[in-house]
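As C-alpha cells, the structure follows; a few thoughts come after it.
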Amino acid sequence: MFSSSSFSSSSLRAVSRATACAHRECVARNLAKARPGLSAVSRSFSSSTKRSASAIHHHGPIFSMASPTRTTGVTDRLKRTAQVRSMFIQTETTPNEDSLKFIPGVPVMGEGTAEFLDLKSALKSPLALRLMGIEGVTGVFYGPDFVTVLKDSETAWSVIKPEVYAILMEHFSSGEALFRTEEDRESAGPQDTRILDTDSETVAMIKELLETRVRPAIMEDGGDIEYRGFTDEGVVQVKLKGSCRGCSSSTVTLKSGIERMLMHYIPEVKGVEEVLDQEEEIALNEFQKLEERLAKQHGDEKQDSKRDSSMAQYMSV
C-alpha cells in the first residue's frame with residue numbers, strides 16, 4: 001500500500017509532465033500558424049531589399065553622369081574657402097609714408113607692372129577700380145607679386161587698411177581676372193625697356209641696366225621706374241612710379257643711386273632727370289603758385305602786425 005505523501009508527490013509529478021507536454025504542443029501549434037506569416041515577411045523584406053538594390057544599380061549611371069559637375073562645384077567652393085582661410089596678406093612700409101605695399105602671397109602681374117592714378121585708367125582692372133573707390137586712395141600700382149596703394153596725406157592708414165585687406169582677400173580668393181581683357185593687360189604693362197632695332201648701342205645698354213639692375217631694387221620699395229628717353233646732351237630721362245611717386249627720397253634715389261650707376265657703366269651718360277606728365281606738371285605749377293600766394297599773404301600779415309605794434313607804442317607814449 002502507498003502512503004498519502006507518496007501518492008501526492010507522484011500525482012504532482014504526473015500533473016507537471018502533462019502540463020509541460022501541453023505547453024510544448026501549444027508552442028508547436030503557434031509556431032506552425034506563425035510560420036507562413038514569417039515566411040511572407042521574410043519574402044517581402046528580401047524582395048524589397050532586392051528592389052532597392054536594383055533601383056540603386058539602375059540609377060547609378062544617372063548619378064554618375066550628374067556627379068562630375070556637382071562634385072566640381074563643391075570642390076571649387078572648398079578650394080576657395082581653404083584659400084581664403086590660408087591666405088595671409090602681408091604689408092611692407094616704403095620710404096613714402098603715403099604708400100603701402102601689400103603682398104597677398106600669390107602672383108599679381110607675374111611679369112611687368114601697371115599703374116592706375118584715376119578712375120578712368122582703373123576701368124581696365126576690376127580690382128584697381130574697387131581700390132580706387134576707397135575714400136582717400138589716390139593711386140594703385142601692380143607689381144609681379146604685390147599691390148601698392150597710395151593715399152592722400154589727410155587720411156590715416158588705420159582707416160584705409162581694413163577695406164584694402166577685404167578687397168584684396170575677396171579678389172584673389174575668387175579667382176577673378178586682374179584685367180577685363182588680354183588687350184588691357186598688354187597695354188598696362190611697361191614697354192619702355194624693350195630693346196628695339198632702332199635703338200643705339202648706348203640706349204640698349206641703358207634699357208638693359210634699368211631692367212636688370214634698377215627696376216628690381218625699386219620694386220623692393222613698392223615702386224617702379226620707366227624709361228622716357230636719352231637726350232643729345234647725355235641725360236637719361238626717367239619717370240618714377242608707385243611708391244616712388246612723390247617720395248621725398250626720390251631725388252636721392254635718382255642722383256646717388258641710378259645716376260651714379262649709369263654713369264659708371266656707360267660713359268656717354270652725363271646725368272639722370274625725372275620727367276613729369278603734362279597733368280602732373282600742371283598740378284605742380286598750381287601747387288607752387290598756391291604756396292607763393294600763401295607765403296605772400298603770410299608776409300603781408302607780418303607787416304600789418306608790425307605796423308600795428310609800432311602804432312600802439314606811439315599811441316602809448
Side-chain angles (χ1 to χ4, degrees), residues 94-96 99 101 107-118 120-122 124-125 128 139-148 150 178-247 249-284:
T94 68
N96 188 352
S99 174
K101 184 179 176 182
V108 180
M109 283 288 290
E111 295 182 357
T113 60
E115 188 176 38
F116 310 93
L117 300 177
D118 50 38
K120 182 179 179 181
S121 61
K124 297 179 181 180
S125 172
V140 177
F141 178 80
Y142 292 160
D145 58 353
F146 65 88
V147 177
T148 299
L150 295 89
L178 193 63
F179 292 90
R180 297 189 185 279
T181 63
E182 191 63 29
E183 291 77 11
D184 291 337
R185 180 185 180 88
E186 292 177 358
S187 62
Q191 310 292 330
D192 55 293
T193 55
R194 180 179 298 174
I195 299 176
L196 307 176
D197 296 335
T198 56
D199 290 337
S200 64
E201 184 178 353
T202 302
V203 172
M205 291 177 64
I206 293 171
K207 288 184 175 181
E208 184 177 358
L209 284 174
L210 291 176
E211 179 67 27
T212 59
R213 298 290 188 88
V214 179
R215 178 164 280 160
I218 293 183
M219 281 188 178
E220 289 294 323
D221 291 330
D224 194 15
I225 187 170
E226 182 179 336
Y227 172 79
R228 286 299 184 93
F230 182 62
T231 66
D232 296 335
E233 292 78 17
V235 178
V236 179
Q237 296 177 330
V238 297
K239 179 178 175 59
L240 297 176
K241 304 166 67 176
S243 296
C244 299
R245 179 186 297 276
C247 179
S249 61
S250 60
T251 303
V252 179
T253 302
L254 280 176
K255 296 300 179 182
S256 301
I258 302 172
E259 183 179 84
R260 184 178 297 179
M261 186 191 67
L262 291 178
M263 291 175 64
H264 174 75
Y265 287 103
I266 308 174
E268 291 82 1
V269 175
K270 305 302 180 184
V272 177
E273 67 177 9
E274 183 181 5
V275 297
L276 302 176
D277 294 332
Q278 184 177 2
E279 295 82 3
E280 293 175 326
E281 291 181 353
I282 295 174
L284 184 60

If I take atom [atom1] from residue [X] and atom [atom2] from residue [Y], how far apart are they, to the nearest 0.5 angstrom?
| X | Y | atom1 | atom2 | result |
| --- | --- | --- | --- | --- |
| Tyr265 | Ile206 | OH | CD1 | 15.0 Å |
| Lys124 | Arg185 | NZ | CZ | 13.0 Å |
| Thr202 | Ile266 | OG1 | CD1 | 7.0 Å |
| Met109 | Phe146 | CE | CZ | 10.5 Å |
| Asp221 | Asn96 | CG | CG | 10.0 Å |
| Tyr227 | Gln237 | OH | CD | 8.5 Å |

Any donor-acceptor N/O pair, [X] side chain to [Y] backbone, under 3.5 Å:
| X | Y | answer |
| --- | --- | --- |
| Ser125 | Leu178 | yes |
| Lys101 | Met219 | yes |
| Thr94 | Ser99 | yes |
| Arg215 | Ile225 | yes |
| Arg228 | Glu274 | no |

Problem set entry | Heavy atoms of other groups near Glu208 CD, more than 12 under 6.0 Å | no
Exercise. Taking everything shown except Arg180 itself, do over 12 heavy atoms lie less than 6.0 Å from its CZ?
Worked result: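 Atom CZ in Arg180 is packed in, count exceeds 12.
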Problem set entry | Parallel, tilted or perpendicular: ring planes of Phe179 versus Tyr142, cut at 30 and 60 degrees | perpendicular
Problem set entry | Glu115/Asp224 under side chain to side chain contact (heavy atoms under 4.5 Å, CB included): CA gap, chis, key distance, verdict | CA-CA 9 Å; Glu115 188 176 38; Asp224 194 15; over 6 Å; no
For this session: Please test Val236 against Ile258 for side chain to side chain contact (heavy atoms under 4.5 Å, CB included), starting from the C-alpha separation and ending with a verdict.
Result: CA-CA 10 Å; Val236 179; Ile258 302 172; over 6 Å; no
Exercise. Can Lys207 and Leu196 be said to form a side chain to side chain contact (heavy atoms under 4.5 Å, CB included), step by step?
Worked result: CA-CA 10 Å; Lys207 288 184 175 181; Leu196 307 176; 4.3 Å; yes
Exercise. Would you call Lys241 and Glu226 a salt bridge, taking side-chain N to carboxylate O under 4.0 Å as the test?
Worked result: yes
Shortest non-hydrogen contact from [X] toward [Y]:
| X | Y | answer |
| --- | --- | --- |
| Pro216 | Glu211 | CD-O, 3.4 Å |
| Val108 | Asp145 | CG2-C, 3.6 Å |
| Ala128 | Phe116 | CB-CD1, 3.6 Å |

Exercise. Could you go step by step and tell me if His264 and Met261 meet the side chain to side chain contact (heavy atoms under 4.5 Å, CB included) rule?
Worked result: CA-CA 5 Å; His264 174 75; Met261 186 191 67; 5.6 Å; no
